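All remarks here apply to the structure that follows.
Residue numbers begin at 1 in each chain, while the letters A, B, ... track the order of the sequences. Note that the structure is predicted; figures quoted are calculated from it, not measured.
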Protein chains: 2
Amino acid sequence: MQTKTVVIVGGGFAGLSAAKVLANKPEVEVILIDQRNHHLFQPLLYQVATAGLNPSDIAVPIRGQFPKAPNVEVHLGRIENINLREKYLQIPEGKLSFDYLILACGAQHSYFGNPQWEDFAPGLKSVEQATEIRRRILTAFEEAENEISEERQKELLTFVIVGGGPTGVELAGAIADISRTVLVKDFNRINPASAHVILLEAGPRILASFDEKLSAQAKSDLETLGVDVRLGARVMKIDGSGVQVGNDWIAAKAVFWAAGVKAAKMHLDPTVELDRAGRIKVKGDFSVPGFPSAFVVGDMASFEMSAGKFLPGLAPAAIQGGKYVAQVILNEIRGRARGNSFQYLDKGQMATIGKKKAIAQAKFFKMTGFLAWVAWLYVHILYLISFKNKFSVFLQWSWSYLFSKRGARLITERDWKLKD
Amino acid sequence: MQTKTVVIVGGGFAGLSAAKVLANKPEVEVILIDQRNHHLFQPLLYQVATAGLNPSDIAVPIRGQFPKAPNVEVHLGRIENINLREKYLQIPEGKLSFDYLILACGAQHSYFGNPQWEDFAPGLKSVEQATEIRRRILTAFEEAENEISEERQKELLTFVIVGGGPTGVELAGAIADISRTVLVKDFNRINPASAHVILLEAGPRILASFDEKLSAQAKSDLETLGVDVRLGARVMKIDGSGVQVGNDWIAAKAVFWAAGVKAAKMHLDPTVELDRAGRIKVKGDFSVPGFPSAFVVGDMASFEMSAGKFLPGLAPAAIQGGKYVAQVILNEIRGRARGNSFQYLDKGQMATIGKKKAIAQAKFFKMTGFLAWVAWLYVHILYLISFKNKFSVFLQWSWSYLFSKRGARLITERDWKLKD
């Protein structure tokens, strides 16, 4: 039997899940390529940004995931070009041929044609962005403490989060929470609890992918935490001094972006169709139309489940997609039928609001409040990949919860060199 | 009674210890100034650099150290100038007058007049430098795995550490250790255990501050770990491709600096005398000659204990000095004599070598091997300031020790912005 080469691009939920199915299968040689050496548990990234967790609590080295799989090779590096017709990838070291390709490069933030906003409003997709947001939040309180002008102090303590999806809601809730519980004991001159946290949502409600009742509950829970939730708030401009929302100007130094996402850009074949968010339109088995051995999974794929209904950009969808595609490839190599179209098993969705509340919904139930938060905690700890991470995260959370402390309250700089 | 203002510059071991003595003393108002928001447990920084610990395991927010001390104000910021005669500090916000001043700004690396070496050989004094070294170590293995040329692979897997003091020894031991235990399971093409770790010491022996027998034992322990220890090795040149040592050229991409230190630069009075390493010469009570209310403690001070014998740059010396000075100030404010000259209580010193060995020496005993390592572990865990940190470090170490894993194996970049 001849071994087939499967190249997987991206070590996120989709790519990693596919690689795990293919590990130790004698029919395949797997090459997993990523630009970063770690798999990131993105749903908890906001916890790093708000000093609740360490980066390494939610990031695991990709290599470490395949210690006993000699058929999986992990390659740290960039892709320059992909040729679907001749079945190869161009990488800096040369050409890399494949029999099967799984593209799973995920999504990035989109500033809707205003890339200049990024400097003033970082997004939350990588560890570096999370520590940058953490730096900005903690530095704002420090600068406010040093500030004499009351007006300027108010600006420094105004935090604007753009985008009312799960990331924006969780970030806003966590900032409101730490300013009212953790930081309150740290400062003498300012009152961190006076921080003004504003959540801007362009649409008519936050958490639009949830049931209307739940999203109303989430709004009211956020308001109880002290978050100023503004709906129908369309951002016109962001600069270093604040945000223009319709006719209102909000003076604020700390602005964070949790609004649009777009798929990672990748030059494929001219015949490949993209949707409005740059995602690649795929068939019922995630293959690229016209290229049955090239698959796109995770946030990079536009997968239509039924007319107008698309597979959501959630971790469970990415994991299920990755596993499914790996199985399709194995089926084909083993000379069987590729199998039925992918069926999404909806495990529901959840979002947490501050320290003790959440909303959760699945097919047959809806939950809010403390119980939903416990469910949220349980699901997220279970999902964290390695035992060590689970345990460390659990400890950090227990600690934060019991003592209202944040262990990772660290302002780090980008530059490591000596300063005189 | 009139409250006196004590300004402490620097939140390291010396400054923090002084502030803790002065906290909640009604006679004083304390202003603690630091450029960074965290106190760093520097003796364990090499563990962050070698992926054994998280930055926040060894760094605690300075503010968090004084939750119940309304007389201690923590100020994050820089000092522009100090005027000892008129008793004020110039900070960006204005003049800050003091009755007493405690300078404790610590030390930085010194490249002996070759500042251009820094780019190629980062030192290990800050969290950022530690994560930069971690990035370089882990990236070297990744690049070697991708490299086709054997010669180039060898260069990538050559790690040079300049300086055979405790930091250099601990760094060299830890790199040798992770390449032979942790990383060995992660790679397919290269054998991480073939990494060539070279420790360069200009003098006739490593760990020169220890007893000769112990330093010989440490050398032999390092060699057992696979470290290539070279004595009398004077570095002539460092660039991006390697290190010139006497007539030998060592081709290596990863070079780390653990050689000289110099005191933090601070413009004081023209009458103030400095030693060769830029440290300020102080009197028996750490005061600056001619300025009885200005004190310098920690690595910034040159304190002569007896003819030609100086207080060592160790954490216990800094802690004792900080406490002593705080007491001198309190004595004077309370109208008592300032007290006797400072007496250093020598608690000994220790250095660890790889995962299971160390050397330790105090007045009445010397230890080597596993027992010394257990002592080292115990002392370092005890020293870590907050309970949470102690516990988290203990867990991480137990984990690493039992499973030969490194939890913080994370390559982070300096830039947080999107890349296309």
- Indicate the atoms forming the closest heavy-atom contact of A:N146 with B:E93, along with that distance. CB-OE2, 3.5 Å
- Item | Nearest-0.5 Å distance, CZ of residue B:R135 to CG of residue A:N37 | 11.0 Å
- Item | Candidate list A:H75, A:E73, A:R63, test side-chain contact (heavy atoms from CB on, under 4.5 Å), partner B:N188, passing option | A:E73
- Residue part contacting chain A, namely of B:P92, when any heavy atom lies under 4.5 Å: neither
- Value rounded to 0.5 Å, distance of NE2 in A:H38 from CG in B:L138: 11.5 Å
- Which value, rounded to the nearest 0.5 Å, describes the distance between B:L53 atom CG and A:S56 atom OG? 9.5 Å
- Counting only heavy atoms not in A:E80, do more than 12 sit closer than 6.0 Å to its CD atom? yes
